[in-house]
Structures are given as C-alpha cells and as structure tokens.
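Take a look at the structure set out below.
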Amino acid sequence: MAISGGGFQRKSKASDQIPSSSLADIAFLLLIFFMVTTVFRKETERNIEWPDAAATQQIDEKRQNIMYIWVEQSGQVFINDRPVDMTDVSSLVAPAWAESNRRLRISLRADARVPYRFIDAVQQEIKDAGAIYVVFATDLERQMQRVRR
Amino acid sequence: MAILNKKQKVSDEIPSASMADIAFLLLIFFLVTTVFPKDRGLPIVLPDAQDDVEVSQRNILHIDIMPNGTVQLRRGDSQNTSTVSPRDIEGIWRIEVAQNPNLIAAVKTHPEAQHRYMIQVLDGLQMAGAERIALQMLEG
C-alpha cells in the first residue's frame with residue numbers, strides 16, 4: 001500500500017510557540033550582568049553648595065582612577081568620609097597617584113562659598129603629591145546624578 | 001469510604017512557572033538601583049612642581065579675582081587695569097586671543113574670595129576655549 005496522499009498529510013513537528021522554558025534563563029543572565037556591574041556608592045556626600053558652570057564636562061576616566069576631595073564651607077577637608085588635615089592631603093594623594101599609573105583624576109568637590117585660600121592649599125598639596133589632573137566638580141554633575149536616581 | 005479514596009490534588013513540586021517572574025522582579029530591582037558613575041566638572045592640568053617656565057609679559061593676561069567677585073583685568077605689559085564682571089570673561093578672552101594666539105590666562109584669586117567666583121572665571125575661559133590657564137592665589 002502506498003502512503004495515502006503521498007505524505008502531504010504528515011504533520012509538522014516544529015512548534016509555532018516561542019519556548020517559554022528558557023525565559024527564566026534569559027532573565028537570570030541579565031540579572032547576573034546587572035549585579036556584577038552595579039557599583040554602590042562608597043562615600044556619603046557631604047553637605048556642600050555646588051558651584052555652577054556651563055562648561056562642565058564629563059570626566060573621561062574609570063571610577064577607580066577618580067579620587068574625591070571634599071572641602072566644606074569651613075575649609076575642612078574630607079577624603080574617604082574622614083576629616084583630613086590640610087597638611088596630610090598630599091600623603092593620601094601620592095599613593096593613589098602611584099597606584100593609578102599616573103592616570104589619577106582628583107575631583108575637587110568644594111563648597112561654592114569656601115574662601116579660595118583653602119582651594120589653593122589643596123592644589124599645592126596635590127601638586128606636592130605629583131598628581132596633575134584636577135577636576136573642579138560643578139553643579140551640572142550633581143543635577144545629572146539626581147536625574148539618574 | 002468515599003472520602004478516603006479521594007486523591008490529594010496538591011502538587012509536591014515547587015512551581016517553576018513563576019521562576020521567570022521572580023527573576024524579572026530581581027532584575028528590575030537592580031536596573032532601578034544601578035547608578036553608573038558619571039563625574040563631571042571643569043578639568044584642569046596642574047603644572048609639574050619643578051618646572052618654572054619663563055613667559056613674556058606680553059603673552060599674559062592677568063585676571064585678578066577680588067573678594068566681592070569682581071574681576072580686574074590687566075595685560076602683562078601695561079599698567080592699566082579694568083574692572084569687569086566674571087560673566088564678561090568669555091567675550092573678552094575671545095577678543096584677546098584673536099589678537100594674540102599665545103596668550104596665557106593668569107587667574108589670581110584673592111585668598112578671601114569665594115570658590116564660586118574662581119569657578120565662574122574658569123567657566124568663562126573654558127567656554128571660550130582657553131587651554132593655557134594658570135591658577136594662583138593673589139598676594140599682597
């Protein structure tokens with residue numbers, strides 16, 4: 001006996017549905033990616049008034065090569081959440097500069113109202129440590145961060 | 001009798017159909033809480049501690065920032081000073097640098113002047129495309 005219909009009635013075995021069993025795998029893959037790339041803020045922000053600048057631009061450097069130096073209105077300097085004497089700043093910057101292979105960027109986050117003599121003193125300390133790349137953090141940066149949260 | 005023969009309908013397996021929902025919930029949590037670091041500001045390169053460069057006075061534009069936020073301008077080779085607002089620096093620099101492409105901006109800030117005034121001047125200079133900027137403290 002020949003096959004009736006010459007095989008035309010054979011049913012296709014390919015499913016017409018998107019396989020949903022691998023959906024969890026895709027989700028977990030994405031989940032693991034975001035878990036690995038997430039960086040939680042290490043430092044708490046100090047309460048400062050940010051200066052404004054229209055020419056504000058992005059620091060083109062990896063986060064690990066950026067060091068934050070906070071200067072409060074009183075002139076008190078903070079590095080890594082700890083108050084630091086002005087004379088000790090260079091001893092903290094120098095190892096970071098050496099470790100970063102001369103790529104370290106100093107983000108100087110100073111209060112807009114702080115007298116300039118403190119800023120000058122910090123700059124001298126940075127210079128003494130050998131670091132040369134300084135970025136004066138300005139308000140546009142802060143607005144961008146706010147939008148992203 | 002009839003009650004005892006009834007089969008238990010509760011499955012003894014953990015339902016895997018909702019696994020994707022749990023994963024997506026976690027995924028959305030991390031999506032929302034992730035902050036990619038974006039740091040912004042006005043970049044400047046400090047000079048090396050050792051090198052002192054001799055610059056002709058003709059190529060220097062002295063920009064002195066006073067404690068009240070006004071700016072005193074003086075060309076290196078003249079004694080005339082003019083008092084301007086930090087807002088005018090951008091336009092002034094464009095005019096000056098067109099006349100002398102080798103011009104250097106020597107920004108001297110009074111020790112008691114607020115940081116924001118220096119930022120305003122630096123902002124103006126950078127908006128005008130100035131690259132040679134020296135930051136100093138005003139003495140005397």
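As a basis for the values below, the full set of heavy atoms in this structure was taken, side chains included, without hydrogen atoms, waters or symmetry mates. In this text the structure is predicted, and so the values were computed from the model without any measurement. Numbered from 1 within each chain, the chains take letters A, B, ... in sequence-line order.
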### Task
Return yes when atom CZ of B/R94 has more than 12 non-hydrogen atoms of other residues, nucleotides or ligands closer than 6.0 Å, and no otherwise.
yes
### Summary
Filtered by a 4.5 Å non-hydrogen cutoff, the part of residues 115-126 of chain B contacting chain A is B/H115, B/R116, B/M118, B/I119, B/L122, B/D123, B/Q126
### Query
So which part of A/A121 gets closer than 4.5 Å to some heavy atom of chain B, the side chain, the backbone, both or neither?
neither
### Message
In this structure, would A/Y68 and A/F78 fall into the same cluster of hydrophobic residues linked by side-chain contacts under 4.5 Å?
### Response
yes
### Task
Please say whether more than 12 non-hydrogen atoms of neighbouring residues, nucleotides or ligands are located less than 6.0 Å from CD in A/E99.
no
### Summary
So, the part of A/D60 with a heavy atom under 4.5 Å from chain B: the answer is neither
### Task
Starting from the C-alpha separation in whole Å, work towards a yes-or-no answer on side chain to side chain contact (heavy atoms under 4.5 Å, CB included) for A/Y116 and B/L135.
CA-CA 11 Å; A/Y116 188 73; B/L135 296 178; 3.8 Å; yes
### Query
Should A/W50 and A/I69 be regarded as members of a common hydrophobic cluster, given that ILVMFWY residues are connected when their side-chain heavy atoms come within less than 4.5 Å of each other, either directly or indirectly?
no
## Note on the structure
In this structure, CZ of A/R117 is separated from CG of B/L138 (nearest 0.5 Å) by 14.0 Å
### Query
What heavy-atom pair brings B/E112 and A/P115 nearest, and what distance separates the two atoms?
OE1-CB, 4.1 Å
### Message
If hydrophobic clusters are built from ILVMFWY residues whose side chains come within less than 4.5 Å, do B/V45 and A/I59 share one?
### Response
no
### Query
So does B/R132 have more than 12 non-hydrogen atoms from other groups sitting under 6.0 Å from CZ?
yes
#### Entry: Spacing of B/L46 atom CG and A/Y133 atom OH [to the nearest 0.5 Å]
10.5 Å
### Query
Does CZ belonging to A/R102 count more than 12 external heavy atoms closer than 6.0 Å?
no
### Query
Shared ILVMFWY cluster between B/V107 and B/M127, side chains joined below 4.5 angstrom?
no
### Query
Would you say the side chains of A/Q58 and B/R40 form a donor-acceptor pair under 3.5 Å?
yes
### Atom CD of B/E131: over 12 foreign heavy atoms under 6.0 Å
no
### Query
Where does A/E61 contact chain B at under 4.5 Å (heavy atoms): side chain, backbone, both or neither?
neither
### Query
Are A/V114 and B/I44 connected in the hydrophobic side-chain network, where two residues link if heavy atoms are under 4.5 Å apart?
yes
### Query
Quick one: of A/I26, A/I119, A/I126, who has the most non-hydrogen atom pairs under 4.5 Å with chain B?
A/I119
### Message
Please give me the minimum heavy-atom distance between A/A27 and B/A23, naming the atom from each residue.
### Response
CB-CB, 3.5 Å
### Query
Non-hydrogen atoms of chain B under 4.5 Å away: do they reach the side chain of A/L30, the backbone, both or neither?
both
### Query
With a 4.5 Å limit on heavy-atom distance, are the side chains of A/K127 and B/P47 in contact?
yes
